Amino acid sequence: MGRTLAEKLWNDHVVARADGEPDLLFIDLHLVHEVTSPQAFDGLRAAGRRVRRPDLTLITEDHNIPTLDIDKPIADPISAEQVRVVRRNAQEFGIRIFSMGDLENGIVHVVGPQLGLTQPGMTVVCGDSHTSTHGAFGALAFGIGTSEVEHVLATQTLPLKPFKTMAINVDGELAPGVTAKDIVLAIIAKIGTGGGQGYVLEFRGAAIRALSMEGRMTICNMSIEAGARAGMIAPDETTFEYLKGRPHAPQGADWDAALAYWRTLVTDADASFDAEVHIDAASLSPYVTWGTNPGQGLPLSANVPSPADAKDDNDKAAIARALEYMGLTAGTPLRDIPVDMVFVGSCTNGRIEDLRAAAEVLKGRKVADSVHMLVVPGSVKVRQQAIAEGLDRIFMDAGVDWRFAGCSMCLAMNPDKVPSGKRAASTSNRNFEGRQGPGSRTHLVSPQVAAATAVVGRLASPADLEG
Amino acid sequence: MDKFTTFTGVAAPLRRSNVDTDQIVPAEYLKRVTRSGFADGCFASWRKDPGFVLNQPVFANAQVLVAGPDFGTGSSREHAVWALQDFGFRTIISSRFADIFRGNSAKTGLLTALVEQDGVEQLWKLIEANPGVSISVDLEHKLVRCETVTLPFEIDEYTRWRLMEGLDDIGLSLRHADAIDAFEAARPSFKPTTSARA
Ligand code: SF4
């Protein structure tokens with residue numbers, strides 16, 4: 001019987017296999033950032049171990065770094081300490097690092113693909129759950145905890161038990177104005193935040209094939225919000241086109257050899273998945289979340305749900321609690337919800353295509369007086385590209401607060417926070433209580449919806465701006 | 001890592017589902033660079049509420065947490081496990097755990113015992129009827145006991161063995177050093193490295 005893409009990748013990386021034990025898998029690329037690594041390096045030091053493959057390891061500073069005054073010392077003493085420690089570890093263990101201010105600096109999941117380091121057929125790990133982003137290239141990519149970071153540093157392997165596989169078939173064609181973000185929010189709303197637990201998701205179907213690499217990354221990025229271990233998309237011409245010529249992509253004969261291998265990385269026609277889900281792309285419209293987990297999302301045209309609509313008591317309590325935290329009343333049209341802040345950025349939607357989409361909506365328009373809108377590029381390179389295309393002017397003319405690269409308001413570890421009780425439309429991936437700062441209220445949206453919302457001052461899609 | 005065989009401690013009920021790792025330890029605590037001292041971050045925002053269950057004096061020394069389904073969802077931060085451990089927990093009981101959280105827990109010696117939701121409800125009732133009651137966790141036989149109730153729990157055999165032996169993962173993998181060498185030698189040359197390229 002045939003094998004799925006995930007199974008092929010798994011088999012290609014087994015170093016050792018024994019009955020009753022997890023498989024030992026080789027890790028092709030280990031991305032490291034300042035927040036989840038210090039304790040791992042501490043552990044190595046304590047045990048007198050070295051980093052086995054510094055040449056397969058890369059460090060970026062992203063979670064903590066400020067997006068203003070990046071030429072000055074970091075004001076927050078703890079952030080400054082984490083950055084100091086990660087630099088010291090990079091030096092001590094001989095690992096390449098992209099520090100704040102470096103041309104290649106940025107959010108770890110934006111930097112890997114942008115350099116061409118993320119390639120089909122690889123195993124990619126990082127001490128960060130959104131490592132699933134890299135699955136967009138047909139890589140097996142997943143987040144790990146700090147003990148596992150230490151494990152990979154010491155051995156370049158991880159002991160893992162096989163995952164189950166789930167096909168998410170997104171057939172048909174998206175209507176204009178509907179994006180990858182809407183697809184993934186709709187998927188999570190459908191299968192729930194626990195629906196992917198134990199699975200590697202493979203996104204398939206015509207609507208997925210039609211997406212750019214940026215859009216595919218947005219979808220794989222949020223696989224984790226459905227509880228999945230990883231998400232992936234089989235590589236195709238779009239993937240190869242994106243990679244060709246990137247700094248770390250194979251060259252010459254290596255390119256040809258790589259391409260021959262990459263073309264084998266598809267789920268066989270006679271392979272079977274442990275579970276399958278179908279979504280009709282044509283039925284989708286712009287999605288927003290109304291609650292405090294990414295599964296609590298609805299089409300923008302819907303109303304805030306009521307606990308009375310719940311399918312069981314647990315769900316009822318969850319809806320009531322979410323409405324209370326979010327300060328929302330059941331039955332309110334989502335379009336009537338006013339926001340105080342808008343955030344475009346993060347590893348979900350902080351790539352150049354996302355900035356272009358937001359700029360297209362903002363061009364010739366103004367951010368509403370009541371709204372503070374932040375645009376934070378996912379990397380320094382994205383920022384430069386945006387400037388080269390004149391997007392920065394569009395943003396500034398519209399009244400956007402245009403920043404330097406980093407994770408920023410996605411998790412509010414740096415000074416960029418949504419104040420308590422304030423409401424944000426955000427292109428990031430998590431609307432948990434307090435995620436964007438203590439007491440913050442988050443509605444997850446696409447870059448297009450974020451920009452339209454900034455103009456109107458209430459949740460809105462670009463179509464609402466016409467006429 | 002300490003060996004884990006049987007353990008008895010005061011149990012606390014956490015009647016919430018979908019407790020994500022941002023709730024277990026908010027992001028601001030992630031800025032630390034040490035591996036210990038996270039007790040203050042454990043459920044930090046909920047603990048500001050005097051009515052929160054873990055603020056009740058009877059649960060101050062709780063070592064077993066009985067939580068609702070989908071415990072540990074969200075970010076992969078291992079700090080969530082350290083915070084629970086530094087707070088005093090040795091075992092978390094739930095009917096469903098997030099995968100990454102469960103994996104992280106096993107590595108650090110925090111036992112995650114998977115008990116059916118009916119059983120969790122029974123335990124909640126027992127604890128609430130008699131706050132301060134202890135739960136015994138018997139890893140050898142995969143049973144939790146509370147007063148007259150005995151419930152089986154699920155844990156995979158490999159994690160169980162490791163917890164019972166107190167074995168370090170890295171040491172286990174390095175038993176395969178020769179196989180790793182061989183795998184590396186056979187890797188295709190087109191695979192990228194992170195070294196700077198001209
Ligand atoms: S942008 Fe947000 S989700 Fe992505 S790596 Fe940074 S903090 Fe994590």
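We use all heavy atoms of the structure for the numbers below, so side chains are in, but hydrogens, waters and symmetry mates are not. Chain letters run A, B, ... following the sequence lines, proteins first and then strands; every chain starts at 1. Only a predicted model underlies this, so the values are computations on that prediction, with no experimental measurement involved.
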So, B/Q23 and B/N18: side-chain donor and acceptor under 3.5 Å apart, yes or no? no

Segment of A/E21 engaging chain B (4.5 angstrom heavy-atom cut-off): both

Quick check on A/D55 against chain B: is it the side chain, the backbone, both or neither that has a heavy atom closer than 4.5 Å? both

Heavy-atom contact with chain B under 4.5 Å, split by part of A/V35: both

Considering only heavy atoms, which portion of A/L56 lies under 4.5 Å from any heavy atom of chain B: side chain, backbone, both, or neither? both

Using non-hydrogen atoms and a 4.5 Å limit, figure out which bit of B/W82 sits close to chain A: side chain, backbone, both or neither. side chain

Give, as side chain, backbone, both or neither, the part of A/A317 having an atom under 4.5 angstrom from any heavy atom of chain B. neither

Turns out that what part of A/D12 lies under 4.5 Å from chain B's heavy atoms comes down to backbone

Is it true that the side chains of B/S76 and A/S129 contain a donor and an acceptor less than 3.5 Å apart? no

Please check if any side-chain donor atom of A/H63 sits under 3.5 Å from a side-chain acceptor atom of A/N414, or the reverse. no

Side chain, backbone, both or neither: which part of A/N64 has a non-hydrogen atom closer than 4.5 Å to chain B? side chain

When rounded to the nearest 0.5 Å, the distance separating CZ of B/F153 from CG of B/D138 is 7.0 Å

Does any backbone or side-chain atom of B/R102 lie under 4.5 Å from a heavy atom of chain A? Answer side chain, backbone, both or neither. neither

Chain A contact via B/F101 - which portion, at a heavy-atom distance below 4.5 Å: neither

Strictly by modelled atom types, are A/Q39 and A/T146 linked by a side-chain donor-acceptor pair under 3.5 Å? no

Find out whether the Lys NZ or Arg CZ of B/R47 is both under 6.0 angstrom from the six-membered ring centre of B/F52 and within 45° of the ring's axis. no

Give a yes or no answer on whether the side chain of B/D99 reaches the backbone of A/A228 with a donor-acceptor pair at less than 3.5 Å. no

Between chain A and each of B/D70, B/N104, B/D169, count heavy-atom pairs under 4.5 Å; write down the option with the most. B/D169

Does the Lys NZ or Arg CZ of A/K164 fall within the cation-pi geometry relative to A/Y199 - under 6.0 Å from the ring centre and within 45° of the axis? yes

Portion of A/V14 that has a non-hydrogen atom of chain B nearer than 4.5 angstrom: backbone

With chain A as the partner, which of B/H79, B/R187, B/H176 has the greatest number of non-hydrogen pairs under 4.5 Å? B/R187

Residue among B/R16, B/E157, B/R77 with most heavy-atom pairs under 4.5 Å to chain A: B/R16

Applying a strict 4.5 Å limit to non-hydrogen atoms, the region of A/T157 in contact with chain B is side chain

Using non-hydrogen atoms only, which part of B/S173 is less than 4.5 Å away from chain A: side chain, backbone, both, or neither? both

Do A/H13 and A/D23 meet the criterion of a side-chain donor-acceptor pair at a distance under 3.5 Å? no

Quick one: of B/I100, B/D22, B/T73, B/D20, who has the most non-hydrogen atom pairs under 4.5 Å with chain A? B/D20

Chain B contact via A/I144 - which portion, at a heavy-atom distance below 4.5 Å: backbone

Which region of A/S147, side chain (C-beta onward) or backbone (N, CA, C, O), has a non-hydrogen atom less than 4.5 Å from a non-hydrogen atom of chain B, or is it both or neither? both

Around B/E116, counting heavy atoms of other residues, nucleotides and ligands shown, do more than 12 lie under 6.0 Å from its CD? no

